2 protein chains.
Amino acid sequence: MPTQTFFNLSEEKRERLISGAMKEFAHYCLNDASIANIIKNANISRGSFYQYFDGKSDLYFYLIGIFRRNTTQLMLQSFQEKDGVFIEGYQLFGDKYIQSIMESEKVGFFKHMYLNMNHQISQQVGGDIVSSIKAAMPKDGKRVIDVIKRDTLRIQTDEELRELTKFIINMLNQTIMEGFSKERSIKDTQIEFRKKMDWLTFGVMKKELNEGE
Amino acid sequence: MPTQTFFNLSEEKRERLISGAMKEFAHYCLNDASIANIIKNANISRGSFYQYFDGKSDLYFYLIGIFRRNTTQLMLQSFQEKDGVFIEGYQLFGDKYIQSIMESEKVGFFKHMYLNMNHQISQQVGGDIVSSIKAAMPKDGKRVIDVIKRDTLRIQTDEELRELTKFIINMLNQTIMEGFSKERSIKDTQIEFRKKMDWLTFGVMKKELNEGE
DNA sequence: ATTATATGTGACACGGTGTCATATTACAAG
DNA sequence: CTTGTAATATGACACCGTGTCACATATAAT
């Protein structure tokens, strides 16, 4: 987390630092990026930098936080739009999420983020989703867990629904990562995710053989 | 790839270097590990190191190659043991694979590998699987694609089966990563993977509502 | 004006990387 | 054996990035 000093800064200076960092991280991954470049971009002295942040990673994770799409919000919207139908809700959510990442002006930043995504970054990106599934949104008090029609699912407990959501988010991130890696179009990435959602929803096993279970 | 010089080395020296590197990578991730430590562990001069490898990553990926479990082999075995039944084959494979990783003497190495797994490492780890699905195994000429009973699946083409396999491997790696991260037992990690396989096989949607499609 | 508190600065020590000129070894041919 | 050639070994070194620290400057309070 940035220090209080950072937040006391004038907006102009804070912006300068953030965009200087974004520029660097759009060109280099966390490891290859250098503080030297960032402070040069932002016209800030080395000493000052360390008064704001613990180090490179601290800044990086802060940026992820800033530019993290409001996923919970997006999920709520999508499910309300699709009357809580599991597959339709998630597929709409996936479409919107993929688009918001791949069409963003910060796409360079996101690309490096996804291509270098490890467990820690993954937690950072998807962290608020899983933890806030049960939390009510300030807007209308709805929880994600409430807007998903559960009676059509083989999943019943809150805990299982939480795990399933985490699974789907992982699936989504994996798909976006692959999209960046293979330089797929937004459309193709969306199709890829929809296919996986279809597999997960209806199962890859044929229905007629799916009755004995 | 290591240079020819490296392979010309006496086995003793090669072993010394490999185990020196393993020791370092069991304690530090790729970025934090230092060549200085590795060559100190192995009693090899800095200059020599660079005659064998391009750099740290080169060595690291070579090690992954060495200690990569023979996944294709394991998959073939599992499916033959379960008469090609999709879910049973993959669940057995998952059990075996998770155990082979988490019970390995190299578990420290694997733990860091999984916790820092990004796209590049993931490719390296699972690379041979996907690419060799269609390739015949030298043993009896069977291909992975041949031993999976396809008539019970909604998947028909080779291409789709290849994609599904890739998806499952990702799912498995994700599960292992989480297992290391949350310090789950082997058993719990296996259970986690089996649950996901169950979701994927039969779908999370209830069967009675699954007929209109 | 004085003191206290917050913020800014860049020189510096430290540690890691990759290279290179040189030393050593292995080995083949005469 | 000895001479020559190719392969291998070595560690000092230049370079670069990090994080720190003593000191400078600004802001605010009394």
Side-chain angles (χ1 to χ4, degrees), chain A residues 1-64 109 112 116 118 120-121, chain B residues 1-64 109 112 116 118 120-121:
Chain A
M1 262 288 126
T3 60
Q4 187 53 47
T5 307
F6 175 72
F7 294 111
N8 293 342
L9 251 41
S10 72
E11 196 176 330
E12 191 273 322
K13 193 165 187 178
R14 237 180 310 136
E15 268 312 314
R16 215 161 9 116
L17 188 40
I18 289 175
S19 62
M22 286 302 282
K23 188 179 168 191
E24 179 72 359
F25 287 125
H27 285 297
Y28 304 100
C29 71
L30 176 54
N31 292 305
D32 295 343
S34 86
I35 294 175
N37 281 336
I38 293 172
I39 60 178
K40 207 173 63 186
N41 287 343
N43 239 51
I44 279 175
S45 78
R46 188 167 194 82
S48 288
F49 179 89
Y50 281 97
Q51 289 214 322
Y52 310 146
F53 299 98
D54 261 0
K56 221 196 317 178
S57 305
D58 192 25
L59 166 56
Y60 189 69
F61 289 124
Y62 170 66
L63 290 180
I64 289 181
F109 176 80
H112 274 96
N116 293 281
N118 57 20
Q120 198 185 2
I121 294 178
Chain B
M1 261 290 125
T3 60
Q4 186 55 46
T5 308
F6 175 73
F7 293 109
N8 293 342
L9 252 39
S10 72
E11 196 176 330
E12 191 274 323
K13 194 166 188 178
R14 236 180 310 138
E15 267 313 312
R16 218 166 358 121
L17 188 40
I18 288 175
S19 62
M22 286 302 283
K23 188 180 168 190
E24 178 71 358
F25 287 125
H27 285 295
Y28 305 98
C29 72
L30 177 54
N31 293 304
D32 295 343
S34 86
I35 294 175
N37 280 335
I38 293 172
I39 62 178
K40 207 173 62 186
N41 287 344
N43 238 53
I44 280 176
S45 77
R46 188 166 193 82
S48 289
F49 178 89
Y50 282 98
Q51 290 213 319
Y52 310 146
F53 300 97
D54 261 0
K56 223 197 312 179
S57 304
D58 191 25
L59 166 57
Y60 190 69
F61 289 123
Y62 171 66
L63 290 180
I64 289 181
F109 176 79
H112 275 96
N116 294 281
N118 57 20
Q120 197 186 4
I121 294 178

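No hydrogens, no waters, no symmetry mates; every other heavy atom, side chains included, goes into these values. This structure is a prediction, so every number in the text was calculated from the model and none was measured. Note on naming: letters A, B, ... go to the chains in the order of the sequence lines (proteins, then strands), and numbering restarts at 1 for each one.
Looking at B:E24, its side chain never comes within 3.5 Å of a backbone N or O of B:I35 through a donor-acceptor pair. The main-chain N or O of B:I121 is found under 3.5 Å from a side-chain atom of B:N118 such that the two form a donor-acceptor pair.
A ring-ring contact (aromatic ring centres under 6.0 Å, His included) check over residues 8-33 of chain B, counting only residues at least two apart or in different chains, returns the pairs B:F25-B:Y60.
Relative ring orientation between B:F6 and B:Y62 is described as perpendicular, the plane-to-plane angle rising above 60° on a 0-90° scale split at 30° and 60°.
To the nearest 0.5 Å, atoms CD (A:E15) and OG (A:S10) are separated by 10.0 Å.
Contacts between residues 36-57 of chain A and DNA chain D, defined by a heavy-atom separation under 4.0 Å, are made by A:A36, A:R46, A:Y50, A:K56. Near DNA chain D, meaning a heavy atom under 4.0 Å away, there are no residues from residues 6-31 of chain A.
Whole-Å rounding puts the A:L59 CG to D:dT18 C1' distance at 15 Å.
Checking the phosphate oxygens (OP1, OP2) of C:dA6, no side-chain nitrogen or oxygen of A:T5 falls inside 4.0 Å.
Considering only residues two or more places apart in sequence or on other chains, B:E12 meets the salt bridge (charged side-chain N to carboxylate O under 4.0 Å, His left out) condition with B:R16. Listed by chain and number, the residues in a side-chain contact (heavy atoms from CB on, under 4.5 Å) with A:S19 amount to none (sequence neighbours excluded). For B:N8, the side-chain contact (heavy atoms from CB on, under 4.5 Å) test picks out B:Q4, with sequence neighbours left out.
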